[in-house]
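For reference, the structure is listed below as structure tokens.
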Amino acid sequence: MSVSVAEDNSTSKIHLPADIDWEMLDKSKFFFLGAALFSGVSGTLYPIVVLKTRRQVMSTQIPCLKMAGSMLRNEGYRGFYRGFGTSLTGTIPARALYMGALEMTKSNVGNVTDQLGFSEASGSSISNAIAGLSAAMAAQLVWTPVDVVSQRLMVQGSGNCGNSLKCYNGGIDAFRKIICSDGLRGLYRGFGISILTYAPSNAVWWGSYSIAHRVIWDSIGGYFCKKDEKNGYRPNGMAMVAVQGLSAAMASGVSALVTMPLDTVKTRLQVLDDGWNNSSGSRRGPSVLQTVRNLVKEGGFSACYRGLGPRWASMSMSATTMITTYEFLKKLSTKNQDGFV
């Protein structure tokens, strides 16, 4: 039994609802509702991101539960939301850029793959991967400065600012101090490696998601589906959500393993200072090579995978929530919902 979209009349197939492309969306509703929905998702998952970030910049390994308990005792619940206001402020425009680039690229590339004669499965995987790549690159123009500021706020515990960490009094103070000490370049520290981290990560995730989604439906067969008037099978709503969530979790596992070392290096570049001075007397951060050397010196190659557990959990939970919310958002934002099947 194979998977098919709703328009396919073949028998013994699972007829999934037709995909909602860029031209079918009410753009104002899409971006407004998207900002509200994904702000809620970000707030729910933010504590896990804080734990992941702190583990990546520490020179010694501390179990996540022990770290969480220590944060709760010393900083209270507010410690898990350090930098959240800054992060949320940047998330809205960054997410708008991401969603817009994703849908436009997916639609355009999908048309090209159809014209080139690719199968529906291959065309979907290719268009999803390229769309994820372009969306990540567009979003990083906004997200990198926000990431630099919010991550620095995440790692400063009460009275725990060491030689390689500065203390800031909120996002505006961090922004001002970074500009004064490092200039605009300071806000884009790690931009190159952010692109190298998130662009392939998103390409791998969206490509893997498309494949996993199809494989799961092929494995399920007619289970959790009802026969429709076309002698095929139509899944119920709960089955659709469950398969979307499982596909997202599987794609997140692949993506996290592939890109974790780059994410660790990126986080350290954006957060830590090494006190260097260049020939003009101004400060500058450590290089990528120096950051890698420091990591390997601290704990071998495995140090590059510090925070893998929280990152995997964060990516899986975020992706599962994101994809189900995203599909729901697209349905809400369809121009002609009465005519959509």
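The shown structure was predicted, so the numbers you read here are calculated from the model rather than taken from an experiment.
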Residues Tyr46, Met154; criterion side chain to side chain contact (heavy atoms under 4.5 Å, CB included); working and verdict:
CA-CA 10 Å; Tyr46 194 78; Met154 286 180 197; 3.3 Å; yes

Atom [atom1] of residue position [X] - does it have more than 12 heavy atoms of other residues, nucleotides or ligands inside 6.0 Å?
X: Leu72; atom1: CG; answer: yes
X: Leu65; atom1: CG; answer: no
X: Phe84; atom1: CZ; answer: yes
X: Met67; atom1: CE; answer: yes

Let's go through Thr105 and Ser134 carefully: what are the C-alpha distance in whole Å and the side-chain angles of both, what is the deciding distance for side-chain hydrogen bond (donor to acceptor under 3.5 Å, both in side chains) to 0.1 Å, and is it a yes or a no?
CA-CA 7 Å; Thr105 305; Ser134 67; 2.8 Å; yes

Verify, without hydrogens or angle tests, whether [X] (side chain) and [Y] (backbone) share a donor-acceptor contact under 3.5 angstrom.
X: Thr53; Y: Val49; value: yes
X: Thr324; Y: Thr321; value: yes
X: Arg189; Y: Val148; value: no

Do NZ/NE/NH1/NH2 and the carboxylate oxygens of [X] and [Y] come within less than 4.0 Å?
X: Arg176; Y: Asp173; value: yes
X: Glu298; Y: Arg306; value: yes
X: Lys27; Y: Glu103; value: no

Quick one: do the Arg311 and Thr259 side chains pair a donor with an acceptor below 3.5 Å?
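Yes, Thr259 and Arg311 have a side-chain donor paired with an acceptor closer than 3.5 Å.
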
Would you please say whether a donor-acceptor pair under 3.5 Å links the side chains of Thr113 and Asn111?
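Looking only at side-chain atoms, Asn111 and Thr113 do not form any donor-acceptor pair under 3.5 Å.
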
How are the rings of Phe191 and Tyr188 set to each other: parallel, tilted or perpendicular (split at 30° and 60°)?
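Perpendicular: the ring planes of Phe191 and Tyr188 meet at over 60°.
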
Is the positively charged end of Lys106 above the ring of Trp206, judged by distance under 6.0 angstrom from the centroid and angle within 45° of the axis?
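Pair Lys106/Trp206 counts as cation-pi.
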
